[in-house]
Amino acid sequence: MVTLKKIHHRGAWRIGIVIDYDDLDAKAKVRKMGAFWSQTHRCWYVLYNNQNYTELKRTFADIEIVNDENNQRHTEPAEILHEIVHITDTVGELRLVDETEHKEVIPELASKIVFSGTVGKYWVLKVRYNDQITPKLMEIKGVYWNKKQQAFFVLRHVNVKLRVEVLLGIGDIFPKNYYNLEKVVVNPNTRIELKEYPDDRKWMIMVCPPIPYLIEQVKRWEGSRFSKTHQTYLLNATPSVLQNIEKLATELNIPLRITLPEKYILRKNAINRKAIKLRNVKENLLVQVPDTAKTYTLAMIDYMLAMNYSPNSIRAYVAAFNTFQRVNQYQNPDELSERQIISHLSRMNETGLSVSSLNMLINALQFYYRTVLKRETFEVKIPRPRAEKRLPPVLTMEECARIFQNVENPKHRLMLLIGYGAGLRRSEIISLQWCDILFDEHKIHLKQSKGNKDRMVMLPFSIVSFLQMYREIFPDDTWVFPGQFKGEPISATTVQVVMRRAVEKAGLEKKATVHTLRHSFATHLLEGGTDIRYIQKLLGHQSINTTMIYTHISPQATKAITSPLDRFIVNNDSDLLKNKKLNP
């Protein structure tokens with residue numbers, strides 16, 4: 001079964017194509033049609049026109065139609081795209097309109113808007129579909145369509161409230177009961193309780209009332225997880241977490257009851273950040289497969305943990321292996337013949353796997369068969385396609401300066417400055433501790449970064465005084481860039497948002513991220529004449545070939561290279577090429 005629906009994506013109407021995840025044949029067919037994948041709508045899509053619709057009907061015999069974005073389904077296929085006409089809207093823009101839908105222009109949109117109350121941290125808003133308003137409403141961050149409620153859920157935040165009301169042209173649609181400023185009515189049953197977790201003393205059970213702001217804050221603490229068994233949250237039993245809970249209870253005026261044994265909350269209970277990541281990765285990977293196949297996945301995870309693979313490596317390898325299991329219907333991998341394995345790989349490649357995804361899949365299979373199943377001679381005997389070589393985006397020094405100038409918060413500006421000035425990855429910026437900053441040596445000691453390797457990088461002279469002044473403004477015993485909650489570093493999302501906003505304010509057309517600053521650092525060093533080997537050490541590249549890519553994006557450096565012939569002519573005989581005939 002293939003489902004078609006009309007979606008608004010990338011500024012235009014498209015035909016959304018919903019296909020079952022395991023239907024590889026259907027995926028291959030839509031790829032041949034030139035369809036693209038939309039992460040926003042979680043479906044494939046093609047241009048909204050008669051030609052594509054006819055091709056879809058010819059390709060697929062069993063089609064179900066979604067008449068509009070409100071998901072009203074028809075049991076039989078219908079001609080929803082049979083008459084397309086050109087009209088000119090109020091701004092004079094030529095666009096395509098389907099005559100079978102939206103024939104009536106809503107005279108007063110205000111009469112069609114219904115505020116339906118509050119659910120958790122969201123307002124519920126029912127708005128009749130409008131081809132101009134609805135797509136713009138969906139673009140507002142904090143607004144999403146709830147299929148079950150058949151209504152828009154709007155985050156109870158002042159910025160989201162103002163943007164929605166401005167778009168609809170109607171003021172005060174929502175009340176001012178913002179979830180983060182919500183007043184809690186205290187009664188005998190409203191309290192926070194901390195109890196012992198019987199399975200592991202490093203954790204404690206937090207029983208909290210259903211207050212959206214409280215739950216939202218608890219979910220953001222590092223290591224916080226929801227226990228389905230106890231139907232509540234588990235938190236790390238450390239003094240810093242207890243301080244965060246006490247702060248929240250005071251802020252919301254909710255009594256806090258602690259029924260923990262004596263000396264239950266200790267600093268030594270702190271969970272290692274790596275351990276938290278590994279646990280989360282393990283849980284997420286096991287959820288991807290049914291119970292019958294978890295034995296195979298768990299065996300691969302255990303081997304990779306024993307061999308001290310990083311969380312990212314485990315996620316990439318095991319996710320690829322899980323995909324292979326799904327294709328072979330979760331059969332026992334030990335019972336598959338080499339011919340069956342090649343056949344499954346062939347089917348997966350027909351779906352349009354990228355070169356990097358295919359290579360990752362082959363590497364994962366070779367690890368499983370050689371390491372887990374002890375088939376040391378196992379090898380996938382197919383030619384490896386060469387990966388595409390793409391140049392990374394790089395900013396000029398002037399563009400970097402414009403980005404820094406558009407960050408007002410000193411903490412956020414220093415994050416970007418130190419990321420560019422030392423060529424750090426985003427994860428390395430987040431995990432910086434004050435003990436890693438060697439002021440006397442003007443160095444930064446990066447511990448256990450990518451590849452579980454330590455390295456020393458430069459601490460730019462220009463930011464030393466700024467860094468010392470910043471430490472007085474934001475005192476913290478551990479993290480250089482502390483997060484919102486005590487004992488935790490700043491989140492990766494925050495760093496990413498700071499960079500994105502700075503790029504927008506600077507008016508740059510380039511798509512630049514925090515990692516772009518690292519690329520720019522390497523390129524500018526190369527342009528300044530720094531030896532490529534030193535750049536390799538500063539960036540922490542294992543292979544010089546990885547660093548060599550910057551020679552292709554630095555025209556200034558290549559222009560400065562002088563041919564040895566030119567030096568020879570200048571130093572020896574400038575008349576060597578004059579009045580002399582060269583022998584053929």
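Sequential numbering from 1 along the given sequence is applied to the chain's residues. As a basis for the values below, the full set of heavy atoms in this structure was taken, side chains included, without hydrogen atoms, waters or symmetry mates.
A side-chain donor-acceptor contact under 3.5 Å links N269 to the backbone of A237. No donor-acceptor pair closer than 3.5 Å links the side chain of S313 to the backbone N or O of Y309. The closest donor-acceptor contact from the side chain of N253 to the backbone of A249 lies at 3.5 Å or more, if one exists at all. No donor-acceptor pair closer than 3.5 Å links the side chain of K195 to the backbone N or O of V207. Of the possible polar contacts, one joining the E165 side chain to the I173 backbone as a donor-acceptor pair under 3.5 Å is found. Proximity of a side-chain donor or acceptor of R500 to a complementary backbone N or O of T513 within less than 3.5 Å is not detected. Put simply, the side chain of Q433 never gets that close to the backbone of W479: no donor and acceptor are under 3.5 Å apart. Of the possible polar contacts, one joining the K411 side chain to the P482 backbone as a donor-acceptor pair under 3.5 Å is found. The main-chain N or O of L395 is found under 3.5 Å from a side-chain atom of S520 such that the two form a donor-acceptor pair. Judged by distance alone, with hydrogens and angles left aside, the side-chain atoms of T494 form no donor-acceptor pair with the main-chain N or O of I490 at under 3.5 Å.
For Y264 against E196, the heavy-atom pair with the smallest separation is CE1-CG, 3.5 Å. Minimum heavy-atom separation, A506 to N406: CA-ND2, 3.6 Å. In plain terms, the two heavy atoms of V160 and K141 that are nearest each other are CG2-O, 3.6 Å. A pairwise comparison of heavy atoms in K510 and V503 identifies O-CG1, 4.0 Å as the closest pair. P410 and F466 make their closest contact through O-CZ, 3.9 Å (heavy atoms, listed as atom of the first residue, atom of the second, distance). Minimum interatomic distance between L517 and C400 (heavy atoms only, all atoms of both residues): CD2-SG, 4.3 Å.
W203 contributes atom CH2, which lies 8.0 Å from atom CG of D200 (distance to the nearest 0.5 angstrom). I444 CD1 to M458 CE: the interatomic distance, rounded to the nearest 0.5 Å, is 9.5 Å. Once rounded to the nearest 0.5 Å, the distance linking OG1 of T396 with CG of L508 reads 8.0 Å. F439 contributes atom CZ, which lies 6.0 Å from atom CZ of R471 (distance to the nearest 0.5 angstrom). The CD1 atom of I192 sits 7.0 Å away from the SG atom of C208 when rounded to the nearest 0.5 Å. Considering NE2 of H41 and NE2 of H8, their distance stands at 9.0 Å, rounded to 0.5 Å.
The aromatic rings of Y470 and W434 sit tilted, their planes meeting at an angle between 30° and 60°.
Within 6.0 Å of atom CD in Q231, more than 12 heavy atoms from other residues, nucleotides or ligands are found, so the atom counts as buried in its surroundings. No more than 12 heavy atoms of other residues, nucleotides or ligands lie within 6.0 Å of CE in M397, so this atom counts as exposed by the packing criterion. Atom OH of Y534 sits in a sparse spot, with 12 or fewer heavy atoms from other residues, nucleotides or ligands closer than 6.0 Å. Within 6.0 Å of atom NZ in K453, more than 12 heavy atoms from other residues, nucleotides or ligands are found, so the atom counts as buried in its surroundings. No more than 12 heavy-atom neighbours from other residues, nucleotides or ligands sit within 6.0 angstrom of CD on Q542. Annotation for K447: atom NZ counts as buried by contact number, over 12 foreign heavy atoms lying within 6.0 Å.
Between I245 and W221 the shortest side-chain heavy-atom distance falls below 4.5 Å. L248 places a side-chain heavy atom less than 4.5 Å from the side chain of E251. Looking at L459 and L467, their side chains come closer than 4.5 Å, going by heavy atoms from C-beta outward. No side-chain heavy atom of P393 sits less than 4.5 Å from a side-chain heavy atom of K511. Counting only heavy atoms from C-beta outward, the side chains of Y197 and K202 never approach each other to under 4.5 Å. Contact check for F153 versus L125: no side-chain heavy atoms found under the 4.5 Å cut-off.
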All N/O donor-acceptor pairs, side-chain side in residues 413-427, below 3.5 Å, sequence neighbours left out:
unit_1, atom_1, unit_2, atom_2, d
R413, NE, V407, O, 2.9
R413, NH2, V407, O, 2.9
Y420, OH, H524, ND1, 2.8
R425, NH1, E428, OE2, 2.7
R426, NH1, Q496, OE1, 3.0

Name every donor-acceptor pair, under 3.5 Å, that has one atom in a side chain of residues 275-288 and the other anywhere in the protein, sequence neighbours excluded.
unit_1, atom_1, unit_2, atom_2, d
N280, ND2, I276, O, 3.3
N284, ND2, N280, O, 3.1
Q288, OE1, N322, ND2, 3.1

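Exactly one residue among L194, L260, T232 makes a side chain to side chain contact (heavy atoms under 4.5 Å, CB included) with I205. That residue is T232.
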Margin query: Between Y122 and Y144, is the ring-ring contact (aromatic ring centres under 6.0 Å, His included) condition met? List the steps.
Written below: CA-CA 10 Å; Y122 293 98; Y144 77 93; 5.5 Å; yes
Notebook entry, point to check: Could you walk me through whether W145 and F152 pass the ring-ring contact (aromatic ring centres under 6.0 Å, His included) check?
Noted result: CA-CA 5 Å; W145 174 255; F152 289 100; 5.0 Å; yes
Margin query: ring-ring contact (aromatic ring centres under 6.0 Å, His included), that's the test. Do H442 and F461 meet it? Break it down for me.
Written below: CA-CA 7 Å; H442 287 90; F461 290 91; 4.2 Å; yes
